[in-house]
Number of protein chains: 2
Amino acid sequence: MNIHDIAKLSGYSAATVSRVINNREYVSKNAKSAVQKVIKEYDYVPNDVARDLSNGKTHNIGVVMPHTRHPYYTGIINGIMDAAFPAGYRIVLLPSMYNAKIEMNYLNRLRRKAYDAIIFTSHGVTLDDLVEYQKYSSIVCCHDPGDYNISAAYTERIDSYLKAFSWAKSQNAHNVAILLSRGFELSATSQLTRKAFIKTFDNEPNDSLLRTGIVTYDDGYNSAQSFSQNSVTPDLIFANSDDVATGARQFYLDHNLPVPILIGQENQLSGQLLNLPTIDHNFHEIGRLAFELAISNETKQFSVESKFILRDQNKSEL
Amino acid sequence: MNIHDIAKLSGYSAATVSRVINNREYVSKNAKSAVQKVIKEYDYVPNDVARDLSNGKTHNIGVVMPHTRHPYYTGIINGIMDAAFPAGYRIVLLPSMYNAKIEMNYLNRLRRKAYDAIIFTSHGVTLDDLVEYQKYSSIVCCHDPGDYNISAAYTERIDSYLKAFSWAKSQNAHNVAILLSRGFELSATSQLTRKAFIKTFDNEPNDSLLRTGIVTYDDGYNSAQSFSQNSVTPDLIFANSDDVATGARQFYLDHNLPVPILIGQENQLSGQLLNLPTIDHNFHEIGRLAFELAISNETKQFSVESKFILRDQNKSEL
DNA sequence: TATTGACCTGAAACGCGTTTCAGAAATTAA
DNA sequence: TTAATTTCTGAAACGCGTTTCAGGTCAATA
């Protein structure tokens with residue numbers, strides 16, 4: 001049962017049926033009611049794929065993320081979804097595991113018109129690639145694109161990183177461990193962390209106190225364990241999430257070792273319970289802005305301030 | 001630049017180009033290399049929407065969920081995604097806010113061929129509706145479908161609910177508060193909670209100790225507050241997540257009131273930190289199974305046991 | 001009354017791959 | 001060498017809506 005069948009059955013043409021379905025003008029009352037009657041009688045619904053093909057639009061936005069285990073990604077996704085839903089867009093989850101080949105594959109699906117736009121919450125492909133593929137469709141990234149001419153909605157992280165490290169310094173931290181999702185060379189965010197560290201402590205982060213590939217509570221725990229196994233004792237741990245910091249903390253507690261000072265990120269419940277200092281990156285707003293950029297035709301950048309939150313240490317009731 | 005252009009440029013027909021692209025047999029070496037050369041030269045990629053239209057398949061699976069604020073839903077989504085990715089399927093997020101009209105809309109999009117299947121992590125429409133729409137495409141629900149003939153992957157909750165309540169009873173809990181996402185009349189899961197409660201305590205849950213619409217930490221906090229404002233003092237709170245239980249706990253702490261015994265669900269980090277008894281519903285496995293059902297042609301049901309986890313209360317180091 | 005303009009309508013083309021089917025060419029089997 | 005296969009190939013139809021454009025009707029303006 002397609003639009004041509006309805007056309008025949010109603011005695012009008014497919015063009016008229018299409019007009020009725022889409023509530024276009026220039027349809028007589030007679031035509032409208034006749035067509036509607038047949039549509040109702042045969043319970044006809046138009047094929048969305050054919051429609052998308054004809055319209056050259058799918059109302060689908062692809063969202064690329066390495067995984068959904070870190071609150072930053074899930075937070076952005078929520079932000080995008082909350083904005084996309086009322087606008088009639090749907091989001092398609094495109095997991096990449098930081099794999100550039102997989103991401104290129106998604107970029108090609110953009111060329112193939114499968115999505116109206118793609119938002120990269122994180123990207124393994126180069127910014128050059130993103131700029132290149134922009135000619136096919138709207139692309140938004142969620143990192144500072146620097147001089148690259150590409151739409152971006154991102155967190156201005158440097159200030160809060162500086163605040164966090166300078167607070168760390170004020171606590172007399174000398175051996176600062178850094179737990180990152182990706183190494184400095186691979187991630188702009190990690191690079192920012194490094195810059196803030198250098199600016200504060202006047203030297204490079206200590207390799208033996210650096211761990212990458214860190215995402216979850218367990219990763220935090222294991223990092224602390226590996227520090228311990230290597231006889232490394234950080235006096236402060238700067239983690240990429242509160243849950244990660246909490247995991248590290250647990251290792252020390254489990255082994256009756258003194259717990260280093262902890263700094264988390266993303267303002268999670270675990271950090272709230274433990275009164276950890278944290279950095280709130282306002283990912284929900286990032287998601288919202290990313291969506292707005294995705295459906296707009298302009299290429300522009302939005303940045304949002306992140307906040308270093310130092311909770312009242314005395315209020316800890318745990 | 002479409003397949004016909006490539007056909008002309010290569011001196012072969014669209015049919016042959018299609019064969020080359022899809023690696024079909026019955027293409028001569030000459031044809032293959034000539035076509036590939038032109039494809040490469042013009043950097044042609046086929047249009048996915050046209051392909052989907054032709055093939056009648058999109059490789060998109062719609063996933064309906066009320067929201068993404070509860071770990072149960074995000075957990076299922078992760079499970080689905082982890083299974084869908086290697087199988088070459090993508091998932092489209094379809095938020096419903098428990099709104100049956102919105103869900104019907106999604107069901108109609110299924111009829112319109114926008115998705116190959118739909119998974120309902122929760123449903124506001126009736127099971128009759130789901131059964132009805134099954135004739136158009138594969139539908140999977142994540143609740144016990146009872147006698148309805150529909151594919152389902154769900155958690156067998158009753159045992160762990162019974163265990164939880166009987167533990168509650170053993171703790172001499174008399175005023176048991178229940179925090180639910182939806183009321184008994186609207187949700188099969190809530191109904192199970194009720195049944196387990198009745199079986200254990202031999203009477204209906206007390207209305208004044210019942211709260212619905214509960215999803216987050218804040219909701220938990222507010223519930224406790226509303227109990228307090230109504231001079232209701234539960235001696236045990238059965239929450240629908242550890243975070244919710246944690247929120248309730250916080251209210252009592254903030255007001256220097258004795259904290260009731262807490263039972264959480266979903267085995268979250270907050271519960272782990274506070275050593276709360278919890279119920280683990282194994283949502284990741286549910287998601288995986290739901291996906292398998294979504295792409296299979298059979299209609300069947302899988303259920304997974306949930307676990308009541310009583311943590312060592314003495315080990316609380318917080 | 002002659003124009004003008006608004007309103008209707010449908011055939012055909014378009015968006016773009018895929019598949020069918022018939023026919024031709026090249027092999028292999030007999 | 002002939003018959004029977006197997007391999008290639010492309011025109012056309014198909015999946016299904018949307019849009020364009022020409023042609024027609026009818027009421028309103030001049």
Side-chain angles (χ1 to χ4, degrees), chain A residues 1-39 42-60 88 108-116 136-137, chain B residues 1-39 42-60 88 108-116 136-137:
Chain A
M1 180 65 59
N2 62 32
I3 202 170
H4 297 282
D5 297 324
I6 299 297
K8 258 178 230 149
L9 288 163
S10 64
Y12 286 88
S13 70
T16 297
V17 176
S18 178
R19 288 189 190 101
V20 171
I21 290 171
N22 296 293
N23 238 316
R24 294 274 151 67
E25 50 187 347
Y26 300 131
V27 182
S28 66
K29 299 229 179 223
N30 283 344
K32 191 167 180 175
S33 68
V35 168
Q36 283 176 332
K37 185 170 164 244
V38 176
I39 287 177
Y42 289 84
D43 196 20
Y44 163 77
V45 288
N47 180 307
D48 272 346
V49 181
R51 237 172 178 177
D52 289 346
L53 173 60
S54 211
N55 293 327
K57 273 194 103 183
T58 63
H59 290 273
N60 285 337
N108 276 307
R109 286 186 56 75
L110 181 67
R111 282 191 63 189
R112 291 150 166 267
K113 311 284 186 191
Y115 314 118
D116 292 354
Y136 304 114
S137 245
Chain B
M1 181 63 61
N2 61 33
I3 201 169
H4 297 282
D5 297 325
I6 299 297
K8 257 178 230 148
L9 289 163
S10 64
Y12 285 87
S13 71
T16 296
V17 176
S18 177
R19 288 190 190 99
V20 171
I21 290 171
N22 295 293
N23 237 316
R24 293 275 151 67
E25 49 187 348
Y26 302 132
V27 182
S28 66
K29 299 228 181 229
N30 283 345
K32 190 168 181 172
S33 67
V35 168
Q36 281 176 334
K37 185 171 164 244
V38 177
I39 286 176
Y42 289 85
D43 194 20
Y44 163 76
V45 288
N47 180 307
D48 272 346
V49 182
R51 236 173 180 177
D52 289 347
L53 174 60
S54 211
N55 292 327
K57 273 196 103 182
T58 62
H59 290 272
N60 285 337
N108 276 308
R109 286 187 55 77
L110 180 67
R111 281 191 63 189
R112 290 150 168 269
K113 309 285 185 192
Y115 316 116
D116 292 355
Y136 303 115
S137 243

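Chain letters run A, B, ... following the sequence lines, proteins first and then strands; every chain starts at 1. Remember, it's a predicted structure, so these values are computed and weren't measured experimentally.
Distance, Asp48(A) CG to dT18(D) C1': 14 Å, rounded to whole Å. Between the CG atom of Asn55(B) and the P atom of dG15(D) there is a distance of 13 Å, rounded to whole Å. The interatomic distance linking Tyr26(B) (OH) with dG10(D) (C1') rounds to 17 Å, in whole Å. Regarding Asp52(B), its CG atom lies at a distance of 15 Å from the P atom of dG17(D), rounded to whole Å. At whole-Å resolution of the value, CD1 in Ile6(B) and P in dC16(C) are 12 Å apart. As a whole-Å value, the separation of Arg24(B) CZ from dT18(C) P is 7 Å. As a whole-Å value, the separation of Ile3(A) CD1 from dG17(D) P is 6 Å. Atom NE2 of His4(A) and atom P of dA11(C) are 11 Å apart (whole Å).
Phosphate proximity of dG17(D) to Tyr44(A): present, with a side-chain N or O under 4.0 Å from OP1 or OP2. Side-chain nitrogen and oxygen atoms of Arg51(B) include at least one within less than 4.0 Å of the OP1 or OP2 phosphate oxygen of dT18(C). Within the structure, every side-chain polar atom (N or O) of Asn22(B) is placed at least 4.0 Å from both OP1 and OP2 of dG17(C). In this model, the phosphate group of dG17(D) is not approached by any side-chain N or O of Arg112(B) to a distance below 4.0 Å at OP1 or OP2. Regarding contacts with the backbone of dG17(C), every side-chain N or O of Ser18(B) stays at 4.0 angstrom or more from both OP1 and OP2. The phosphate of dA11(C) has neither OP1 nor OP2 within less than 4.0 Å of any side-chain N or O from Tyr12(A). Considering only side-chain N and O atoms, Ser13(B) lies nowhere under 4.0 angstrom from the phosphate OP1 or OP2 of dA11(D). Not one side-chain nitrogen or oxygen of Ser54(B) sits closer than 4.0 Å to the OP1 or OP2 atom of dG17(C). The side chain of Ser28(B) contributes no N or O atom lying less than 4.0 Å from OP1 or OP2 of dT7(D).
Nucleic acid contact for Val49(B): none, since no nucleic acid atom lies under 4.0 Å from a heavy atom of the residue. Counting non-hydrogen atoms under 4.0 angstrom, Ala7(B) reaches nothing in the nucleic acid.
Toward the 5′ end of DNA chain D lies the nearest nucleotide of Lys32(B), the other residue of the pair Lys32(B) and Leu53(B) mapping further downstream.
Closest approach to the Thr16(A) side chain among dT9(C), dG17(C), dG17(D) is made by dT9(C) (side chain taken as heavy atoms from C-beta onward). Each of dG17(C), dT9(D), dT18(C) was ranked by its minimum atom distance to the side chain of Ala14(B); first place goes to dT18(C). Distances from the side chain of Pro46(B) to the nucleotides dG17(C), dT9(C), dC16(C) place dG17(C) closest. The side chain of Ala15(A) lies closest to dA11(C) when the candidates are dA11(C), dC8(C), dT18(D). For Arg19(A), taking side-chain heavy atoms from C-beta onward, the closest of the listed nucleotides dC8(D), dC16(C), dG10(C) is dG10(C).
Taking every heavy atom of both residues into account, Leu53(B) and Val49(A) meet most closely at N-CG1, 3.5 Å. What you find for Asn22(B) and Arg51(B) is that their closest heavy atoms are OD1-NH2, 2.9 Å. Here the shortest heavy-atom pairing between Asn23(B) and Lys32(B) reads OD1-NZ, 3.6 Å.
In this structure, CZ on Arg111(B) lies 11.5 Å from CG on Asn47(A), to the nearest 0.5 angstrom.
No donor-acceptor distance shorter than 3.5 angstrom exists from the side chain of Asp48(B) to the backbone of Lys113(A), with no hydrogens or angles considered.
Tested against Tyr44(A), the residues Val38(A), Asp5(A), Ile21(A) include a single side-chain contact (heavy atoms from CB on, under 4.5 Å) partner, Ile21(A).
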